[in-house]
Amino acid sequence: MAPLANGASLGRDPVVAAAAAAAAVAGGGRKRKVLWIAGCGLPSLAMLMLLYVDVFDFRDLILGRERHEMLTHAAERPHHGAIHGVGQHLDSLQFAVTETAAQPMQEEARTTTSSGIPMPCRAAFAAELLPLNEDCRPGARISDKEECQAAVKALSEANSTQAIEISPSLNGCAVAGQGGVQAVCRKMDILDSFEKDWQEINHDSRRVLQRRWEAWKDGTSAAPSAPSRPRRVGASIAVHPPKFYAASHFLASWAACPAAFEALAVYLVFTDQRDYELFLRAQACMDPGLSHDLWTPVVALEPERGWGHGGSMSQVIAAYKKWHGIARMMDQGSDAPEYGLLLDSELALFEPSGGYAGTGGASVAGAAGSAEMCGQDGFWSRLLDRIRAAEASKLWPAARVSSTLTTYNFGGKVRSGKDYDRTLIAENIWLVIGQAHLAKCQEPGCLQIKRQHQDVLFSWWTDLPWVNVGVAKRFFETVAKTPNGGGDSSSSSSGPAGAAAAGGWRAFARSIRFTRFEYMAYQQYCALREGFRFWDVTNITGEAKWGSYLEDPQPGARLADLRPMWVSMEALSRTISGTIPPLSKEAPPLLIFHVDHEACRIAPGLDVEKRLWEKLLLELLAKQGRTDFNKDSIKL
């Protein structure tokens with residue numbers, strides 16, 4: 001590229017040339033403003049300032065320098081996809097830096113209002129164009145590339161007669177079209193209800209959130225922009241609006257823990273594009289400064305039979321979305337992680353000193369975790385090795401479910417925990433092998449599955465729910481052909497190549513009727529085809545009341561003997577109270593699940609944060625014209 005001279009064209013890029021020309025005009029505007037200010041009763045100072053400007057312009061002319069420096073950055077991440085009708089510059093975004101618009105975007109993005117909430121909380125979904133030399137008002141400038149693309153797409157669709165091309169600067173988003181170069185700004189729309197809700201929460205809760213925002217602003221919680229090496233473990237986390245607060249809370253702690261950030265890639269799986277965009281907007285308000293580029297968004301393809309409604313369908317939908325995230329990893333080919341995790345969003349990082357990253361080892365979510373967990377050689381750095389060791393053992397820990405410790409009442413029909421959980425085990429068996437075949441099969445793997453069903457050895461979430469991504473491909477191919485899986489034995493997809501030919505694993509997964517408590521189906525498949533066995537640990541944990549012994553551990557349960565990679569919030573609470581023995585210090589858990597169950601005591605302030613998220617989402621949903629959530633359903 002040749003240096004610019006008086007706003008001349010830079011290379012052959014019309015967008016860059018237009019931006020440079022606008023920068024030159026803006027530079028002139030800056031000089032006039034300086035002279036006008038200085039000329040108010042201070043002629044001598046005005047002359048000195050003019051001399052300063054002209055001397056440095058003369059220096060630049062002689063030395064061939066140009067202050068309107070042009071930088072080219074890498075292309076956008078592939079998974080964001082192409083944006084329609086915004087020109088070819090989406091493939092290789094050009095970033096133009098001008099001296100007049102060089103205020104650091106990081107500071108402005110985190111600017112708070114007089115009420116103490118971040119400026120992005122005042123931003124609605126619409127965008128507008130302003131002349132580049134006028135620039136965006138405080139808090140309205142767009143610095144995120146993804147948000148810039150979405151805004152330009154909306155503007156292009158609203159004005160299809162004008163071809164708009166992206167030319168974001170390092171400190172904002174600008175476009176070049178028939179009207180010249182213009183800044184893309186948020187239309188500021190005050191969220192009146194949210195500001196009122198913010199003022200009504202107690203001072204201590206406000207300070208917790210403000211300290212998190214300040215931590216991102218001053219760099220205390222700065223995370224690397226990318227891991228130093230490819231991650232071998234990916235977390236597929238199903239999210240929907242009522243659980244957005246939990247996903248955001250987890251992202252803040254994960255991004256602030258260097259070892260967790262290095263070891264674990266995060267895939268957030270959304271039901272549709274609307275939910276994804278809603279999360280981005282709310283996240284910019286509730287956790288400004290945490291880049292969206294740190295994690296991978298996955299918008300689920302709708303199942304062939306539709307989403308379904310009512311009854312246990314919410315559990316089935318969550319299962320489908322978790323598997324959809326695994327399918328997204330499969331579609332990465334040779335770049336896919338070695339292992340994937342099937343997770344809900346109510347997660348936190350474990351801290352030995354306080355149990356929860358955000359209360360003990362770290363003062364707020366988003367502050368760095370302890371060196372013991374998050375340091376270069378901390379426990380998080382051993383995640384991959386621990387999963388590999390678990391796979392090598394070929395054991396699924398499980399405990400018998402009691403027939404007396406608890407009962408369920410289903411419309412007058414009373415069922416014990418054992419009876420109910422046997423049904424859940426059976427639902428997954430029918431997906432993997434089919435009811436007719438199970439009755440007559442006698443191979444060792446099949447006998448393992450029969451034993452699990454007969455003894456009600458519940459294996460779901462007895463440890464971190466990992467899957468080998470390569471094995472998961474074979475699992476998909478198998479269950480797609482079973483009657484309960486939704487397929488048939490005549491399917492043309494006979495292996496990974498067949499799935500790829502059909503449009504990739506995500507498209508392939510649309511036809512599979514995944515079951516709730518989805519991890520047991522993978523465990524049963526591994527028992528059937530991969531040589532795994534169910535390990536009865538009832539003598540260590542005692543009988544389970546219902547579900548996993550980690551969800552509701554009985555007094556005296558020796559979880560430390562099993563060294564699980566995660567525990568529930570209930571289990572953590574009971575170690576603190578002394579109801580069960582302490583957890584392992586040599587191999588502590590890395591994650592906590594069901595954070596929402598007892599978070600009010602273990603994680604002070606999370607309940608208040610949840611209510612703020614609910615208020616914010618309801619207001620943003622109303623602005624979008626959405627009616628699929630109300631003040632009751634947003635709490636679920």
Parallel, tilted or perpendicular: rings of W466 and Y522 (30°, 60°): perpendicular
Output field: ring centroids F532/Y525 closer than 6.0 Å: no
Closest approach of A247 to F279 (non-hydrogen atoms, all atoms of both residues): CB-CE1, 4.3 Å
R563/D463 ion pair, N-O < 4.0 Å: no
Test ring-ring contact (aromatic ring centres under 6.0 Å, His included) applied to F261 and W380, step by step: CA-CA 9 Å; F261 182 82; W380 265 102; over 10 Å; no
Any Y420 side-chain heavy atom under 4.5 Å of F410 side chain: yes
Closest non-hydrogen atom pair, M286 against E609: CE-CG, 4.2 Å
Pair Q452-Q524, side chain to side chain donor-acceptor pair (under 3.5 Å): steps then yes or no: CA-CA 9 Å; Q452 183 196 25; Q524 291 160 353; 3.0 Å; yes
I387 side chain reached by E338 side chain, heavy atoms, under 4.5 Å: no
Between W396 and Y519, ring centroids under 6.0 Å: yes
Test ring-ring contact (aromatic ring centres under 6.0 Å, His included) applied to F476 and W323, step by step: CA-CA 9 Å; F476 272 37; W323 280 121; 5.6 Å; yes
Within-4.5 Å side-chain heavy-atom neighbours: R400 and L457: yes
Worked check of salt bridge (Lys or Arg N to Asp or Glu O under 4.0 Å) between E346 and K243: CA-CA 7 Å; E346 302 93 334; K243 302 300 183 183; 3.2 Å; yes
Verdict with supporting geometry, S568 and E551, side chain to side chain donor-acceptor pair (under 3.5 Å): CA-CA 6 Å; S568 69; E551 294 180 275; over 6 Å; no
Minimum heavy-atom distance L251-W295, with the two atoms named: CD1-NE1, 3.8 Å
H249/Y245 aromatic ring centres below 6.0 Å: no
